[in-house]
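These notes are about the structure you will find just below.
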Amino acid sequence: MGLADGRPLEGVSAMVFVPCLLRSDGEAPRLGEPLLDEYLRFVAARCRPNTLLAQSFDLKVFFAVVGKPPLVVGTADVLRFIEEQRAPRQPKVVRLIDGESGLAASTIKRRLATLSGLFDYLVARGEVMRNPVPRSLSTRPGRSPLRGSPLVRAPRRLPRVLGPDEVDRLVAALRTHRDRAMVWLMLLGGLRRCEVLGLRNQDVHLGERRVFIADGKGGHQRIVPVGDLFFQALGAYFAEERCAADAVDLVFLVLKGPRRGRPLTADGLDEVLSGARTRAGLAHATCHELRHTCFTRLRESGMALEALQAQAGHVSIETTRVYLHLASDWLVDEYRKAMDILDSINGAAQ
């Protein structure tokens with residue numbers, strides 16, 4: 001039996017179940033086990049395609065490691081899986097961001113969440129008595145599992161953003177009006193990559209300077225105001241670059257090559273940014289970092305947190321609160337105001 005990267009797992013007997021991820025157009029992925037395939041069809045009806053594919057791969061990795069069918073998986077298998085995922089992938093190679101040599105804690109937590117979702121489904125169906133994925137570990141007898149230590153502790157790090165000079169260099173390195181329109185849509189509107197690529201012609205409200213997000217994360221819709229720079233680049237793109245594509249109502253299309261006139265893909269957008277980063281001499285500038293940059297600047301300019309939540313399409317305002325920490329200028333101003341009040345109180349007391 002081998003691991004996800006082909007290495008054998010010590011202390012585990014020969015595999016009983018060998019998952020094989022199969023994909024076909026118009027159908028949910030399959031792993032070759034009836035219960036897992038039924039669960040993936042269930043997920044397909046309630047999640048976005050990228051989420052479905054990620055969960056399919058997470059399950060493939062887990063069952064390739066433990067080598068058991070779902071009904072005989074126990075908590076010990078889950079704990080052994082965590083240990084294997086934290087093991088070094090390559091000798092003497094660590095990530096600079098956290099000094100770890102195994103998989104990132106966020107990746108392991110996502111895989112455990114996928115696994116827990118599977119067993120919650122099996123419990124609801126009556127296939128198993130309990131979920132073998134513990135919510136946490138407690139060292140105190142009788143203590144609630146909900147209040148114990150997490151199985152994997154993932155530090156919460158602030159998202160990276162681009163400075164004004166970096167934004168100028170990135171935009172200057174873009175070669176087409178289409179590329180500038182996409183980047184401004186993320187920098188000025190805070191759209192996600194999938195929302196940019198899914199934007200339709202009828203979703204652009206030129207007179208109102210807004211765009212309609214028909215299929216945001218979690219299937220949520222919203223209307224987003226965007227700055228004039230986006231609409232200027234978009235107008236130039238339609239006037240000079242975009243080819244006629246009657247059968248395609250998406251805004252952003254491939255400009256040249258055999259796929260000319262077809263919808264631009266996520267890989268295509270990533271390639272655009274990668275080339276611009278190289279030409280601009282930037283170490284980082286991903287699609288999500290452009291989105292983070294947008295909301296950080298909006299928060300620094302005084303935009304209310306509730307308005308920022310609506311602009312971002314966050315279900316919970318707790319997700320939006322990270323921009324309170326990123327907007328350092330805003331924090332400094334608030335701190336100085338508070339200190340001025342304290343100084344005046346102390347002065348009056350003396």
Side-chain angles (χ1 to χ4, degrees), residues 2-6 17-70 73 78 81-82 84-85 89 102-122 124-125 133 152 154 182 186 191-200 213-221 248 250 252 254 259 262-274 286-289 291 313-315 319:
L3 302 181
D5 56 4
F17 167 54
V18 181
C20 181
L21 182 57
L22 301 175
R23 301 170 58 192
S24 57
D25 293 339
E27 296 183 3
R30 289 171 288 131
L31 291 172
E33 203 281 336
L35 290 176
L36 294 181
D37 293 345
E38 288 179 17
Y39 176 67
L40 291 178
R41 289 195 294 272
F42 170 75
V43 172
R46 54 196 297 270
C47 293
R48 297 179 65 90
N50 287 345
T51 301
L52 173 62
L53 185 59
Q55 293 201 16
S56 302
F57 184 75
D58 291 343
L59 293 176
K60 176 183 181 297
V61 171
F62 175 80
F63 287 102
V65 169
V66 302
K68 297 179 179 180
V73 169
V78 176
F81 174 73
I82 296 174
E84 187 279 329
Q85 297 288 280
R89 303 289 102 179
L103 291 180
S106 57
T107 300
I108 301 175
K109 288 189 68 174
R110 189 200 72 203
R111 290 180 175 175
L112 290 176
T114 296
L115 190 63
S116 183
L118 164 68
F119 282 103
D120 282 343
Y121 171 80
L122 295 180
R125 283 193 43 164
V133 184
V152 179
M182 292 189 297
M186 291 180 279
L191 270 67
R192 300 177 177 92
R193 180 180 63 179
C194 62
E195 294 169 347
V196 171
L197 297 174
L199 191 69
R200 303 168 302 177
I213 309 303
D215 189 18
K217 186 175 182 180
H220 299 287
Q221 298 181 341
V248 181
L250 295 177
F252 298 111
V254 178
R259 295 192 70 254
R262 301 283 298 278
L264 186 67
T265 64
D267 289 340
L269 178 49
D270 288 343
E271 186 177 345
V272 166
L273 274 183
S274 177
T286 65
C287 293
H288 221 62
E289 286 172 356
R291 173 174 159 88
H314 290 156
V315 175
T319 307

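Sequential numbering from 1 along the given sequence is applied to the chain's residues.
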Which heavy atom of [X] sits nearest a heavy atom of [Y], and at what distance?
{"X": "K68", "Y": "F63", "answer": "O-CD2, 3.0 Å"}
{"X": "M182", "Y": "L269", "answer": "CE-CD1, 3.7 Å"}
{"X": "C287", "Y": "L273", "answer": "SG-CD1, 3.4 Å"}
{"X": "R200", "Y": "A214", "answer": "NH2-CB, 3.4 Å"}

Does V73 form a side chain to side chain contact (heavy atoms under 4.5 Å, CB included) with F119? I'd like the steps, not just the answer. CA-CA 10 Å; V73 169; F119 282 103; 3.8 Å; yes
Using side chain to side chain contact (heavy atoms under 4.5 Å, CB included), reason through R193 and H288 one step at a time and then give a plain yes or no. CA-CA 7 Å; R193 180 180 63 179; H288 221 62; over 6 Å; no
Count the heavy atoms of every other residue, nucleotide or ligand shown that sit under 6.0 Å from CZ of R262, and state whether that count exceeds 12.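 No - once you tally the heavy atoms of other residues, nucleotides and ligands closer than 6.0 Å, there are 12 at most.
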Kindly compute the distance separating [atom1] ([X]) from [atom2] ([Y]), expressed to the nearest 0.5 Å.
{"X": "L191", "Y": "I213", "atom1": "CG", "atom2": "CD1", "value": "4.0 Å"}
{"X": "K60", "Y": "L40", "atom1": "NZ", "atom2": "CG", "value": "13.0 Å"}
{"X": "L197", "Y": "L250", "atom1": "CG", "atom2": "CG", "value": "8.5 Å"}
{"X": "L199", "Y": "D215", "atom1": "CG", "atom2": "CG", "value": "12.0 Å"}
{"X": "R111", "Y": "I82", "atom1": "CZ", "atom2": "CD1", "value": "12.5 Å"}
{"X": "H314", "Y": "K217", "atom1": "NE2", "atom2": "NZ", "value": "7.5 Å"}

Parallel, tilted or perpendicular: which describes the rings of F81 and F62, with under 30° parallel and over 60° perpendicular?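 F81 and F62: perpendicular rings.
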Any donor-acceptor N/O pair, S116 side chain to L112 backbone, under 3.5 Å: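 No.
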Just do the side chain to side chain contact (heavy atoms under 4.5 Å, CB included) check on V61 and D58 with the steps written out, would you? CA-CA 5 Å; V61 171; D58 291 343; 5.8 Å; no
